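Some notes on the structure that comes next.
Values in this document were obtained by computation on a predicted structure and should not be read as measured data. For this chain, numbers begin at 1 and follow the sequence in order.
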Amino acid sequence: MNPRSFPCQLISWDEAYQLSRKLARAIKSSSFRPDLVIAIGRGGFVPARIVCDFLLHSLLTSIKIEHWDIAACKRPEAAVRFPLAVDVQDQSILIIDDVTDTGDTLRAALNYVKSLEAGETKTGVMQHKTTSSAVPDFYADVIMDWRWIIYPWAAHEDLVGFTEKVLSVELATRDQIRARLKEQYTLVLDENCLTEVLDDLMEMKKAEKIQEKYRKI
């Protein structure tokens, strides 16, 4: 696969809600009843809250693990940045994230929680990619053909990142930029969305506009 070209899929709010709901049903139908639910920030915040809603579970906290930046840019390794602020010793734990990709984030979360002497610990995600080296205990959907998933709570920042990737030092029209996004990342942006993205890139001094055309700075 060309590292500068791969398919992406935009997930709608309704799709994310239904996936989270399906994940909650899978957990609910098992015999596992967590004392505490831990969301992996930032991707796991929304699905964890929805899962807790359907489990009628009020004890939810989070940890921040950094592995992926915007637009599928990968850090060298997954690492806990913001640790837990509660004692989890001997408690049964449910860790929730949005997706498994390489599996590194989920593994880092498990290792961290186990290092705190937690009790039985299980994991759940909305979507599990078969490319992942870690398999969650619960998931709502399986992705066989790899693609980058863009969830609605991270859509704008990902689109900003992908648009920056398709810009070059040569000037390009809006139509040319949209065509590159579609060709390289299977992303289709409407006019309003593209305007917001380009405005932010210019505000961040990563792009400039010259006579209705744009280029990377």
Are [X] and [Y] packed together at the side-chain level, in the sense that at least one heavy-atom pair is separated by less than 4.5 angstrom?
| X | Y | result |
| --- | --- | --- |
| Leu106 | Pro136 | yes |
| Asp101 | Trp146 | yes |
| Gln184 | Phe6 | no |
| Ile40 | Ser62 | no |
| Leu55 | Lys28 | yes |

Which residues satisfy the side chain to side chain contact (heavy atoms under 4.5 Å, CB included) test with [X], sequence neighbours excluded?
| X | result |
| --- | --- |
| Ala179 | none |
| Ala154 | Glu157 |
| Met202 | Asp199, Ala207, Lys209, Tyr214 |
| Thr61 | Leu36, Ile38, Leu84, Val86 |

Thr100 (side chain) donor-acceptor with Gly103 (main chain) under 3.5 angstrom: no
Minimal heavy-atom distance between Lys216 and Leu167, with the atoms involved, is CE-O, 3.3 Å
By side chain to side chain donor-acceptor pair (under 3.5 Å) - contacts of Asp35 (at least two apart): Ser92
Can you list everything that forms a side chain to side chain donor-acceptor pair (under 3.5 Å) with Thr130? Sequence neighbours excluded, please. none
Going by salt bridge (Lys or Arg N to Asp or Glu O under 4.0 Å), name the residues that satisfy it together with Arg215, two or more places apart in sequence or in a different chain. Glu208
Quick one: do Asp158 and Trp148 satisfy side chain to side chain donor-acceptor pair (under 3.5 Å)? Show the steps, please. CA-CA 10 Å; Asp158 264 355; Trp148 182 254; 3.2 Å; yes
Transitive ILVMFWY cluster of Ile149, excluding itself - 4.5 Å side-chain cut-off: Ile11, Trp13, Tyr17, Leu19, Val46, Ile50, Phe54, Val99, Met126, Ile143, Tyr151, Trp153
For residues 166-189, pull every pair meeting salt bridge (Lys or Arg N to Asp or Glu O under 4.0 Å), keeping only residues two or more places apart or in separate chains. Arg174-Glu191, Asp175-Arg178, Arg178-Glu191
Per the salt bridge (Lys or Arg N to Asp or Glu O under 4.0 Å) rule, what does the pair list look like for residues 10-26, sequence neighbours excluded? none
Rounded to the nearest 0.5 Å, what separation is found between the CG atom of Asp200 and the CD atom of Glu203? 6.0 Å
Could you tell me which residues satisfy ring pair (Phe, Tyr, Trp, His ring centres under 6.0 Å) with Tyr139, sequence neighbours excluded, listed by chain and number? His128
All pairs passing side-chain hydrogen bond (donor to acceptor under 3.5 Å, both in side chains) where residues 107-122 contributes a residue, at least two apart: Gln89-Glu117, Asp104-Arg107, Arg107-Ser133
